[in-house]
Amino acid sequence: PSLLCIGWVTLILSVLFWLILRDGVKPVEEAKSELPKTRLWDALKIKQVWWIALAGFASWAPVTGIASLWGVPYLMGVYHWTNQQIGYLYILFWLGLGIGSPLMGWVSDRLKSRKMPFYLCFGLGFIACILFMMAPHMSKAVMVILLIVLGFSASLQSLTFGIAKDIVPPQHFVAVSGLINLAAVATGIVVQPIMGCLIDWHAKTHGHVG
């Protein structure tokens with residue numbers, strides 16, 4: 001039922017986008033001022049773009065690795081919470097992500113710096129991940145806070161699009177934003193199986209998954 005609901009909502013949104021959104025094509029009289037055409041390869045030759053994509057990949061890894069898959073059974077085993085209880089708790093993760101995404105953009109604009117929010121989110125995310133792995137020694141209250149911090153730190157991924165827009169020529173931005181988005185999606189292909197292999201290895205080595 002959940003997948004069917006998501007499918008119908010997506011279909012309705014697609015129809016609304018088709019009917020309402022416009023592509024911003026300029027009038028014919030402004031055609032001379034249009035940006036020069038570009039090739040995908042030209043955008044990919046900008047080295048800084050790959051570092052931005054890597055930063056987006058790293059910041060989104062907790063979303064696919066923890067929030068979307070392995071975090072739920074992990075906390076079920078550690079705290080003996082039910083699947084439903086953890087589902088409610090993970091709302092806090094997504095709440096942190098939802099609040100952090102626009103907030104990081106606002107903060108970076110106010111500070112006139114993209115680096116400071118990067119350092120803040122990566123620092124918080126690293127500390128939260130380390131503490132998350134120490135869940136057996138953490139109280140439930142601390143774990144609730146960690147979920148919010150993990151979600152908040154992952155909001156850094158939204159800032160990568162702003163950074164790309166700052167440094168790449170306008171004609172390259174569409175291609176670059178696609179690459180950055182692909183890097184985030186790729187975390188599901190890379191991070192989830194790696195974490196699964198590490199869990200299997202730990203279980204075989206220590207005789208349990210905890």
Side-chain angles (χ1 to χ4, degrees), residues 1-3 6 47-101 104 115-160 163 178-210:
S2 299
L3 292 176
I6 293 172
K47 294 182 179 180
Q48 195 71 11
V49 167
W50 293 96
W51 287 108
I52 297 172
L54 180 61
F57 177 93
S59 61
W60 202 249
V63 177
T64 54
I66 296 176
S68 299
L69 185 60
W70 294 115
V72 172
Y74 174 64
L75 294 183
M76 288 177 65
V78 172
Y79 295 112
H80 305 291
W81 285 329
T82 65
N83 192 25
Q84 186 178 14
Q85 288 174 322
I86 296 178
Y88 286 128
L89 284 175
Y90 266 100
I91 293 176
L92 299 174
F93 181 98
W94 298 107
L95 184 63
L97 179 61
I99 294 175
S101 295
M104 283 297 98
K115 289 184 178 181
M116 290 305 297
F118 251 78
Y119 296 151
L120 173 64
C121 285
F122 267 124
L124 289 175
F126 179 78
I127 294 173
C129 284
I130 296 297
L131 295 177
F132 188 84
M133 291 187 293
M134 299 172 63
H137 309 288
M138 295 289 169
S139 67
K140 295 179 180 180
V142 172
M143 184 54 57
V144 169
I145 297 174
L146 287 178
L147 289 175
I148 299 175
V149 173
L150 278 172
F152 183 86
S153 64
S155 66
L156 174 62
Q157 197 272 341
S158 64
L159 191 58
T160 56
I163 297 173
L179 175 65
I180 294 173
N181 192 62
L182 176 64
V185 175
T187 57
I189 303 173
V190 178
V191 175
Q192 290 182 351
I194 289 178
M195 291 185 67
C197 290
L198 290 174
I199 292 172
D200 287 341
W201 172 81
H202 190 276
K204 293 177 181 179
T205 304
H206 300 278
H208 60 84
V209 182

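For the numbers below, each heavy atom of this structure counts, side chains included, while hydrogens, waters and symmetry mates do not.
For F126, there are no ring-ring contact (aromatic ring centres under 6.0 Å, His included) partners, not counting sequence neighbours. Annotation: side-chain hydrogen bond (donor to acceptor under 3.5 Å, both in side chains) contacts of S158 (sequence neighbours excluded): none. Every side-chain contact (heavy atoms from CB on, under 4.5 Å) that M116 has, sequence neighbours left out, goes to L111, S113, Y119. Residues that satisfy the ring-ring contact (aromatic ring centres under 6.0 Å, His included) test with F132, not counting sequence neighbours, are Y74. Applying the side-chain contact (heavy atoms from CB on, under 4.5 Å) criterion to A128, with sequence neighbours excluded, gives L146, V149, L150. Every residue meeting the ring-ring contact (aromatic ring centres under 6.0 Å, His included) condition with F122, not counting sequence neighbours, appears here in chain and number order: F118.
For the atom pair W70 CH2 and M195 CE, the distance stands at 8.0 Å (nearest 0.5 Å). The structure places CD of Q85 at 12.0 Å from NE2 of H80, a figure rounded to the nearest 0.5 Å. In this structure, CG in L89 is found 10.0 Å from CE in M143, a value given to the nearest 0.5 Å. Summarising the geometry, atom OG1 belonging to T205 is positioned 10.5 Å from atom CG belonging to D200; distances are rounded to the nearest 0.5 Å. In this structure, CD1 in I148 is found 12.5 Å from CG in L97, a value given to the nearest 0.5 Å. The distance from atom CZ of F57 to atom OG1 of T160, rounded to the nearest 0.5 Å, is 13.0 Å.
Here the shortest heavy-atom pairing between M104 and L120 reads CE-CD2, 4.4 Å. Closest heavy-atom contact between P117 and L159: CB-CD2, 3.8 Å. Residues C121 and S153 share a closest heavy-atom pair of O-CB, 3.3 Å. G65 and V191 get closest at one heavy-atom pair: CA-CG1, 3.9 Å. The nearest pair of heavy atoms linking S59 to P62 is O-CD, 3.4 Å. When all heavy atoms of A184 and T187 are compared, the pair lying nearest together is O-OG1, 2.5 Å.
Side-chain N or O atoms of S101 include none that pairs as donor or acceptor with a backbone N or O of G98 at under 3.5 Å. A donor-acceptor pair under 3.5 Å is formed between the side chain of S68 and the backbone N or O of V63.
Side-chain contact check for M76 versus N83: some heavy-atom pair is nearer than 4.5 Å. Between K140 and V144 there is no side-chain heavy-atom pair separated by less than 4.5 Å.
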Would you please test V142 and L131 for side-chain contact (heavy atoms from CB on, under 4.5 Å) and show each step? CA-CA 9 Å; V142 172; L131 295 177; 5.6 Å; no
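At most 12 non-hydrogen atoms from other residues, nucleotides or ligands lie less than 6.0 angstrom from CG of L3.
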